[in-house]
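Single-structure report; data block below.
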Amino acid sequence: MGKYDALATLLLEAIKEGGDFTKDLSSIPVGISNRHIHLSQADLETLFGTGYQLTKTKDLSQPMQYACKETLTIAGPKGAIEKVRILGPARSESQVEILQADCFKLGITAPVRLSGDLQGTPGITLIGPKGSVFLSKGLLIAQRHIHMNLEDVKHFGVSDGEQVTIQVDGLRGGTYSNVVIRANNTSSLEFHIDMEEANAMHLVSTSRITILK
Ligand SMILES: [Zn+2]
């Protein structure tokens, strides 16, 4: 190994050991979500055709998650909403996350839930280019939450599943309580909130929030 190779190796190791040294743990980045859909592979194929694969257009901040080119119409007894974005990859169960105001348009009352907690949620119809699916459950309004890894858990002194209060700065700022910590080995530090709640406190994608506990 040459002198420069050795130096490069040392530098790489230093970077690795230092971890993500650009991460600022004094405040937490904000991710704002609009209404969106997660699909099972079976439902994806009913809606778009056999063997169909989603088309990624943009990586999201959480590992492996991405926005897709594909959209669907969602329909309830009172009305429909077009062009609802699909997020990939395919999941074991389909799920539709809407905004509170969408409930009036659709004519369905959806509960506030964490993603994946589908038991007892109402159903919804999905309409795609090649077919439609009636989901017997899976319609929810996302509960605000903070993704973090296990190092972040130690830093903030919180635990997975705990509910905390967060502070939003600014003229329309305030506090939001019942913010669920979602921690695992792979998550990136980010506060997730839907567009309605974000607008209420004038949160934008460049905003940062702090945990009050
Ligand atoms: Zn999230």
Side-chain angles (χ1 to χ4, degrees), residues 15-41 58-68 85-100 110-122 135 137-169 173-198 200-201 203-213:
I15 290 166
K16 231 195 258 169
E17 279 168 21
D20 186 0
F21 55 81
T22 58
K23 187 150 92 183
D24 172 15
L25 285 178
S26 62
S27 62
I28 298 169
V30 173
I32 298 167
S33 59
N34 199 352
R35 63 182 74 85
H36 63 270
I37 300 166
H38 301 280
L39 285 179
S40 68
Q41 184 62 34
K58 193 178 91 178
D59 280 314
L60 302 177
S61 56
Q62 296 306 314
M64 313 290 289
Q65 303 296 305
Y66 53 89
C68 302
R85 183 74 48 199
I86 299 173
L87 303 187
R91 291 192 175 186
S92 58
E93 281 189 292
S94 295
Q95 160 181 323
V96 180
E97 300 181 38
I98 59 169
L99 307 175
Q100 175 85 49
V112 176
R113 289 290 182 87
L114 284 175
S115 180
D117 180 13
L118 306 186
Q119 205 183 354
T121 56
L135 300 177
K137 63 178 189 325
L139 186 70
L140 59 90
I141 299 166
Q143 183 170 2
R144 47 193 181 242
H145 56 277
I146 304 173
H147 294 282
M148 59 175 68
N149 66 29
L150 303 179
E151 285 293 310
D152 301 329
V153 161
K154 276 190 232 156
H155 171 83
F156 291 108
V158 295
S159 55
D160 181 43
E162 186 179 343
Q163 304 210 6
V164 299
T165 297
I166 61 109
Q167 173 73 44
V168 178
D169 292 333
T175 59
Y176 270 129
S177 54
N178 308 323
V179 179
V180 183
I181 303 294
R182 304 203 78 176
N184 61 36
N185 270 323
T186 55
S187 290
S188 303
L189 182 64
E190 192 172 44
F191 171 53
H192 279 179
I193 186 165
D194 76 27
M195 205 169 257
E196 277 180 337
E197 289 191 305
M201 285 202 197
L203 270 167
V204 292
S205 59
T206 51
S207 302
R208 317 279 289 191
I209 57 106
T210 45
I211 296 179
L212 297 178
K213 287 208 74 174

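Keep in mind that what you see is a predicted model, and the values were worked out from it rather than measured.
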message = Applying side chain to side chain contact (heavy atoms under 4.5 Å, CB included) to N149 and L189, what does each step give before you reach the verdict?
response = CA-CA 7 Å; N149 66 29; L189 182 64; over 6 Å; no
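- More than 12 heavy atoms of other residues, nucleotides or ligands sit less than 6.0 Å from atom CD of E197.
- By the 4.5 Å heavy-atom criterion applied to side chains, V158 and M148 are counted as neighbours.
- Between Q163 and Q143, the closest side-chain pair of non-hydrogen atoms falls below 4.5 Å.
- Across S207 and L203, no two heavy atoms sit closer than the pair CB-CD2, 3.4 Å.
- Remark: D117 CG to Q119 CD distance equals 8.0 Å, nearest 0.5 Å.
- I211 contributes atom CD1, which lies 4.0 Å from atom CD1 of I146 (distance to the nearest 0.5 angstrom).
- Taking both residues in full, the closest heavy atoms of L60 and Y66 are given as CG-CA, 3.8 Å, listed atom of the first, atom of the second, then distance.
- The side chain to side chain contact (heavy atoms under 4.5 Å, CB included) with R144 is formed by just one residue from the set V180, D194, I166, V179; it is V179.
- Separation of atoms OG1 (T175) and CD1 (I209) is listed at 11.5 Å; rounding is to 0.5 Å.
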Donor-acceptor pairs are to be reported for all side-chain atoms of residues 25-34 against protein atoms at under 3.5 Å, with residues two or more places apart or in another chain.
from : atom 1 : to   : atom 2 : distance (Å)
S26  : OG     : D24  : OD1    : 2.7
S26  : OG     : D24  : OD2    : 3.2
S27  : OG     : R208 : NE     : 3.0

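- Counted by atom type alone, E97 and Q95 present one or more donor-acceptor pairs between their side chains at under 3.5 Å.
- Considering CZ of R91 and NE2 of H38, their distance stands at 3.5 Å, rounded to 0.5 Å.
- In this structure, S94 contributes its side chain and S40 its backbone to a donor-acceptor pair below 3.5 Å.
- Side-chain contact between S115 and H192: absent, with no pair of heavy atoms (C-beta onward) separated by less than 4.5 Å.
- Within the model, atoms CD1 of I141 and CZ of R113 stand 11.0 Å from one another, a figure rounded to the nearest 0.5 Å.
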request  = Might you work through the side chain to side chain contact (heavy atoms under 4.5 Å, CB included) test for L118 and L140, ending with a clear yes or no?
outcome  = CA-CA 8 Å; L118 306 186; L140 59 90; 3.6 Å; yes
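- The shortest distance between side-chain heavy atoms of T121 and P111 falls below 4.5 Å.
- Checking side-chain atoms of T165 against main-chain N and O of L212 turns up no donor-acceptor pair under 3.5 Å.
- Put simply, the side chain of R85 gets close to the backbone of C68: a donor and an acceptor are under 3.5 Å apart.
- Judged as a side chain to side chain donor-acceptor pair (under 3.5 Å), and not counting sequence neighbours, S177 has no contacts.
- Closest non-hydrogen pair, A183 versus V153, comes out as CB-CG2, 3.3 Å.
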key: Derivation and outcome, side chain to side chain contact (heavy atoms under 4.5 Å, CB included), residues S188 and Q62   = CA-CA 6 Å; S188 303; Q62 296 306 314; 3.9 Å; yes
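- When atom types are taken as modelled, the side chain of Y176 and the backbone of I193 share no donor-acceptor pair closer than 3.5 angstrom.
- Atom CG of N185 is separated from atom CD of E151 by 10.0 Å, given to the nearest 0.5 angstrom.
- By the side chain to side chain donor-acceptor pair (under 3.5 Å) test, R35 is found to be paired with D102, residues two or more places apart in sequence or in another chain being considered.
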